[in-house]
Amino acid sequence: PQPFALVVSGAFGTAPPPPAPLAPSNLVATAISATRIDLSWSDNSSNETGFDIERCQGAGCDTFANIAQAAAGATSYSDTGRASGTTYRYRVRAFNAGGQSGYSDPATAITPTTSQSHVGNLNGTTTSTKNNWQASVTVTAHDPSHAALIGAVVTGAWSGGFSATASCTTNSAGQCT
């Protein structure tokens, strides 16, 4: 008989990491209020562990900081606590044990400024004929410097035997009826 040798080679115990996920796309940033921006994107991968969400402040900024992580399969995120009247840029990337995807194209949103508008005057009139009556209210809307607000939508509601709502848009004098 001749001697023989058995040689076994290879790695045991751990599987190689998965390939890095594909980059998300179609990132959209929408200012919902003076302090909130909602993000949405397309998830182009089926093997991510999650998403890194990054933000920078200012038009054309490029120094992004990680602000949050979203779970695998997520396609949206709400960024709250933002400053009013400010430009923000965002980007998103997917990640897993195999690495990180490329970044989505950046998306930009500008939070609106908060307005301290107020109603300056309410002038009401009523008319009645037999069992019918009619009420009318003229509203004057002002900005903080008391300038007339043109094109502002004013909405009101009333109740007491009859309830309803109505709205109107202010004219060049800041008034609507």
Side-chain angles (χ1 to χ4, degrees), residues 21-45 48-95 100-124 135-160 162-177:
L22 297 172
S25 60
N26 303 316
L27 178 63
V28 175
T30 305
I32 300 300
S33 71
T35 60
R36 175 179 152 197
I37 295 175
D38 283 356
L39 305 178
S40 64
W41 61 88
S42 297
D43 178 0
N44 296 318
S45 190
E48 77 271 355
T49 302
F51 294 91
D52 287 323
I53 301 166
E54 298 185 359
R55 176 186 68 223
C56 65
Q57 184 175 325
C61 64
D62 62 3
T63 306
F64 289 88
N66 191 302
I67 59 165
Q69 287 189 333
T75 57
S76 64
Y77 174 77
S78 290
D79 188 19
T80 59
R82 300 302 91 228
S84 68
T86 304
T87 301
Y88 294 96
R89 292 182 77 207
Y90 297 87
R91 65 185 185 183
V92 177
R93 69 178 172 189
F95 64 89
Q100 299 161 329
S101 72
Y103 286 104
S104 66
D105 287 337
T108 302
I110 303 170
T111 52
T113 57
T114 55
S115 173
Q116 301 300 318
S117 60
H118 64 280
V119 172
N121 299 312
L122 286 175
N123 296 315
S136 177
V137 176
T138 300
V139 177
T140 304
H142 300 280
D143 69 10
S145 66
H146 280 304
L149 284 176
I150 300 167
V153 176
V154 178
T155 302
W158 59 93
S159 62
F162 176 76
S163 62
T165 60
S167 64
C168 59
T169 303
T170 58
N171 60 21
S172 61
Q175 296 180 338
C176 65
T177 302

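All residue numbers in this chain count up from 1 along the given sequence.
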- Rounded to the nearest 0.5 Å, what separation is found between the CD1 atom of I110 and the OH atom of Y88? 11.5 Å
- Query: Does S76 reach the main-chain N or O of L39 with its side chain, forming a donor-acceptor pair under 3.5 Å?
  - Reply: no
- Sidechain-backbone polar pair: T30 side chain, I32 backbone, donor-acceptor under 3.5 Å: no
- Message: Quick check: closest heavy atoms across A70 and I53, and the distance to 0.1 Å?
- Response: CB-CD1, 4.0 Å
- What are the two closest heavy atoms between E48 and A94, and how far apart are they? CB-CB, 3.9 Å
- Closest heavy-atom contact between P112 and A31? CD-CB, 4.0 Å
- Which residues satisfy the salt bridge (Lys or Arg N to Asp or Glu O under 4.0 Å) test with D52, sequence neighbours excluded? R93
- Message: Using modelled atom types and a 3.5 Å cut-off, is there a donor and acceptor pairing between side-chain atoms of S84 and backbone atoms of A34?
- Response: no
- G102 and P24 have their tightest heavy-atom pair at O-CD, 4.1 Å
- Query: Measuring from F51:CZ to Y77:OH, what's the distance to the nearest 0.5 Å?
  - Reply: 14.5 Å
- Message: Is there a side-chain contact between S78 and D38 in this structure, where contact means two heavy atoms from C-beta onward sitting under 4.5 Å apart?
- Response: yes
- Query: Hey, does Y103 have a side-chain heavy atom less than 4.5 Å from the side chain of L27?
  - Reply: no
- Query: How long is the gap from SG on C56 to CZ on R91, to the nearest 0.5 Å?
  - Reply: 8.0 Å
- Residues which pass side-chain contact (heavy atoms from CB on, under 4.5 Å) with T169, listed by chain and number, not counting sequence neighbours: V153
- Query: Looking only at heavy atoms, which two atoms of S101 and P21 are closest? And how far apart?
  - Reply: CB-O, 3.1 Å
- Message: Return the CZ to CZ distance between F64 and R55, rounded to the nearest 0.5 Å.
- Response: 11.0 Å
- Task: With sequence neighbours excluded, tell me which residues meet salt bridge (Lys or Arg N to Asp or Glu O under 4.0 Å) with R89.
- Result: none
- Whether T111 side chain and A83 backbone form a donor-acceptor pair below 3.5 Å: yes
- Task: Could you tell me whether a side-chain N or O of S104 sits under 3.5 Å from a main-chain N or O of V92, the two making a donor and an acceptor?
- Result: yes
- If you count the non-hydrogen atoms of other residues, nucleotides and ligands that lie under 6.0 Å from CG in N171, is the total more than 12? yes
- Note on the structure: Interatomic distance, CD1@I37 vs OG1@T87, rounded to 0.5 Å, equals 8.5 Å
